[in-house]
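Below is one structure, written out as structure tokens; the observations come after it.
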Amino acid sequence: MASPTVKPVLRTDYQRSVADYWNKEKDPVNIKLGEVDGLYHHHYGLGAYDPAVLEQGDEAIIAEMHRLETAQAEVLLDHFGDIPPGGRLMDGGSGRGGTSFMANARFGCEVDGVSISEQQVAFANNQARERGVADQVRFHFKNMLDTGFETGAFTGIWTNETTMYVDLQQLYGEFARLIAPGGRYVCITGCYNDLTGGRSRAVSQIDQHYICNIHPRSEYFKALADNGFVPISVVDLTPETIPYWELRAKSSVATGIEDPFLTAYKEGSFHYLLIAADRV
């Protein structure tokens, strides 16, 4: 009897290039912030910063940036409501694991993170062992467009600044399979404002910097509806993320992409959006 064909995790040249980028990534804006308390994030921050840190030196600025990015993850998790003790969550594009550990600590549930970066998966699994939660929080070298997890396995799934690397119809088709009916999907993402036309110059600069493909805002709602998701909460977080970028521009870990983000947000061509949608 022939063995079933095992599909490769990386299936296109683009996916291989993205994986290579994140396997090699050791950006201080991610590493130094994570070293503050051992929670390593790969997303941006929310909320006003304390202006006093500007007088206290770079270490204080780094700590404040980390506080804002952790606050962003708390906002995302807030939109799940209550997760039952036997629930199970998935982190689509889990990076070095920060939000997965926060979800486990908050809800006491199992969490599975998936990433196409083998380096990030290894880092996050090591973090899970060091934290003593490796039996509850696991990270997998998988493609979130086709995870191989069983149908209906998850109470909820989130993506945090990862959807710009994938086709939304494929993604939400897979998530519709994975989330049990009545479960929830929560997304925080940057999307361009298609009411103003195509990508602005600043949005194109962001795409080029991260080798991603930022989607228009309307595409999210069409792909969600096409795959059986009903949005229950949509929040424009743009005003709340601008202070993070202004602080980051003054830090030692600035990468040069700060000006395009600030320009795009302030001119209205780019939005930082949270969408919570139920699987019907």
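Here the structure is a predicted model, which means the values were calculated and not measured.
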Shortest non-hydrogen pair, His66 vs Leu33, comes out as ND1-O, 3.2 Å

- request: Count the heavy atoms belonging to other residues, nucleotides or ligands that lie under 6.0 Å from CD of Gln208, then report whether that count exceeds 12.
  value: no

If you count heavy atoms of other groups shown closer than 6.0 angstrom to CD of Gln56, is the number above 12? yes

Donor on one side chain, acceptor on other, Gln72 and His43, under 3.5 Å: yes

For Gly152 and Ala180 the tightest heavy-atom approach is O-CB, 3.8 Å

Query raised in the report: Would Asp236 and His271 count as having a side-chain donor-acceptor pair, cut-off 3.5 Å?
Result: no

Original post:
Among the clusters formed by ILVMFWY side chains lying less than 4.5 Å apart, do Leu274 and Ile242 turn up in the same one?
Top reply: yes

Notebook entry, point to check: Would you say the side chain of Val111 lies within less than 4.5 Å of the side chain of Arg138, judging by non-hydrogen atoms?
Noted result: no

For a quick check under 3.5 Å, do Thr147 and Glu174 share a side-chain donor-acceptor pair by atom type? yes

Does the side chain of Cys109 reach to within under 4.5 Å of the side chain of Thr155, using non-hydrogen atoms? no

Separation between CD (Gln205) and CZ (Arg201), nearest 0.5 Å, reads 4.5 Å

Open item on the list: The test is side-chain contact (heavy atoms from CB on, under 4.5 Å); show your working for Thr99 and Trp158 and say whether it passes.
Closed with: CA-CA 10 Å; Thr99 308; Trp158 76 85; 3.7 Å; yes

Using the side-chain hydrogen bond (donor to acceptor under 3.5 Å, both in side chains) rule, take Gln119 and Ser117 through it: C-alpha gap first, then chi angles, then the decisive distance, then the call. CA-CA 5 Å; Gln119 293 296 323; Ser117 166; over 6 Å; no

Note to self: What I want to check is whether the side chains of Ser218 and Asp194 have a donor and an acceptor closer together than 3.5 Å.
What the structure shows: yes

Any Lys/Arg nitrogen of Asp146 or Arg11 sitting under 4.0 Å from an Asp/Glu carboxylate oxygen of the other?
yes

If only side-chain N and O atoms count, and only distance matters, is there a donor-acceptor pair under 3.5 Å linking Ser204 with Arg199? no

| query | Below 4.5 Å, heavy atoms only, C-beta onward: do Val234 and Phe221 meet side chain to side chain? | reply | yes

Going through the checks in order, is the salt bridge (charged side-chain N to carboxylate O under 4.0 Å, His left out) test met by Lys250 and Glu258? CA-CA 10 Å; Lys250 298 178 173 70; Glu258 291 77 18; over 6 Å; no

Separation between CD1 (Ile116) and CG (Asp20), nearest 0.5 Å, reads 10.5 Å

CZ of Arg177 to OG1 of Thr151, rounded to nearest 0.5 Å, is 4.0 Å

Exercise for the section: Check step by step if ring pair (Phe, Tyr, Trp, His ring centres under 6.0 Å) holds for Phe175 and Tyr185. Expected result: CA-CA 8 Å; Phe175 286 4; Tyr185 166 65; 5.5 Å; yes

CD of Glu35 to CG of Asn30, rounded to nearest 0.5 Å, is 11.0 Å

Members sharing Val280's hydrophobic cluster, built from side-chain contacts under 4.5 Å between Ile, Leu, Val, Met, Phe, Trp and Tyr, are Val230

| query | Quick one: are the ring centres of His42 and Trp22 less than 6.0 Å apart? | reply | yes

Would you sort out whether Ser252 and Asp58 count as a side-chain hydrogen bond (donor to acceptor under 3.5 Å, both in side chains), showing the intermediate values?
-> CA-CA 7 Å; Ser252 66; Asp58 195 63; 2.4 Å; yes

For Glu55, look at atom CD and say whether over 12 heavy atoms of other residues, nucleotides or ligands are found less than 6.0 Å away. no

From the list Val166, Thr162, Leu224, side-chain contact (heavy atoms from CB on, under 4.5 Å) with Leu171 holds only for Val166

### Query
In terms of ring plane angle, is the pair Phe149 and Phe154 parallel, tilted or perpendicular, where the classes change at 30° and 60°?
perpendicular

When you group the ILVMFWY residues by side-chain heavy-atom contacts below 4.5 Å and let the links chain together, are Tyr14 and Tyr21 in the same group? yes

ask   = When clusters are formed by joining ILVMFWY residues with side-chain heavy atoms under 4.5 Å apart, either directly or through shared neighbours, do Phe123 and Val133 land in the same one?
value = no

Contacts of Glu150 meeting salt bridge (charged side-chain N to carboxylate O under 4.0 Å, His left out) (sequence neighbours excluded), chain-then-number -> Arg88

Report task. Would you confirm whether Asp207, through its side chain, and Ile214, through its main-chain N or O, come within 3.5 Å as a donor-acceptor pair? Result -> yes

Non-hydrogen side-chain atoms of Phe107 and Leu89 separated by less than 4.5 Å = yes

- Query: Is Met65 close to Ser251 at the side-chain level, that is, under 4.5 Å between some pair of heavy atoms?
  - Reply: yes

Nearest heavy-atom approach of Gly98 to Leu39 is O-CD2, 3.5 Å

* Can Tyr192 be reached from Tyr210 by stepping across I, L, V, M, F, W or Y side chains whose heavy atoms are under 4.5 Å apart? -> yes

Next on the checklist: When you measure from the side chain of Asn193 to the backbone of Gly268, do you find a donor-acceptor pair of N or O atoms at a distance under 3.5 Å?
Outcome noted: yes

With Phe261 as partner, the option from Tyr244, Trp245, Tyr272 fulfilling ring pair (Phe, Tyr, Trp, His ring centres under 6.0 Å) is Trp245

Query raised in the report: After noting the C-alpha distance and the side-chain angles of Ser200 and Glu267, does the key distance pass the side-chain contact (heavy atoms from CB on, under 4.5 Å) rule?
Result: CA-CA 10 Å; Ser200 68; Glu267 73 185 6; 3.3 Å; yes

Asn125 vs Arg129, side-chain contact (heavy atoms from CB on, under 4.5 Å): CA-CA, chis, key distance, verdict: CA-CA 6 Å; Asn125 276 323; Arg129 287 188 290 271; 3.9 Å; yes

query = Is Leu145 close to Gln15 at the side-chain level, that is, under 4.5 Å between some pair of heavy atoms?
reply = yes

Practice prompt. Report yes or no: is the cationic atom of Arg184 (NZ for Lys, CZ for Arg) under 6.0 Å from the centre of the six-membered ring of Phe80, at an angle within 45° of the ring normal?
Written response: no

So OG1 of Thr159 and CG of Leu76: to nearest 0.5 Å the spacing works out to 8.0 Å

One should read off an interatomic distance between Asp112 CG and Asp91 CG, to the nearest 0.5 angstrom, of 10.0 Å

Closest non-hydrogen contact found for Leu68 with Ala48 is CD2-O, 3.7 Å

Next on the checklist: Please tell me whether Leu54 and Leu262 are part of a single hydrophobic cluster in this structure, the criterion being side-chain heavy atoms less than 4.5 Å apart.
Outcome noted: yes

Evaluate the side-chain proximity of Val186 to His79: yes if any heavy-atom separation is below 4.5 Å, no if none is.
yes

Can you check side-chain contact (heavy atoms from CB on, under 4.5 Å) on Arg106 and Glu74, steps first, answer last? CA-CA 10 Å; Arg106 178 189 285 214; Glu74 296 284 9; 2.5 Å; yes

- Query: Between Phe101 and Phe139, is the ring centre distance below 6.0 Å?
  - Reply: yes

- Message: So Tyr165 and Met144, do their side chains get closer than 4.5 Å, heavy atoms only?
- Response: no

In short, side chain to side chain donor-acceptor pair (under 3.5 Å) pairs touching residues 219-229 with sequence neighbours left out are Thr163-Tyr220, Gln169-Asp226, Gln169-Asn227, Thr189-Tyr220, His215-Glu219, Lys222-Asp226

Ignoring hydrogens and geometry beyond distance, is a side-chain donor-acceptor pair present between Thr255 and Arg248 at under 3.5 Å?
yes

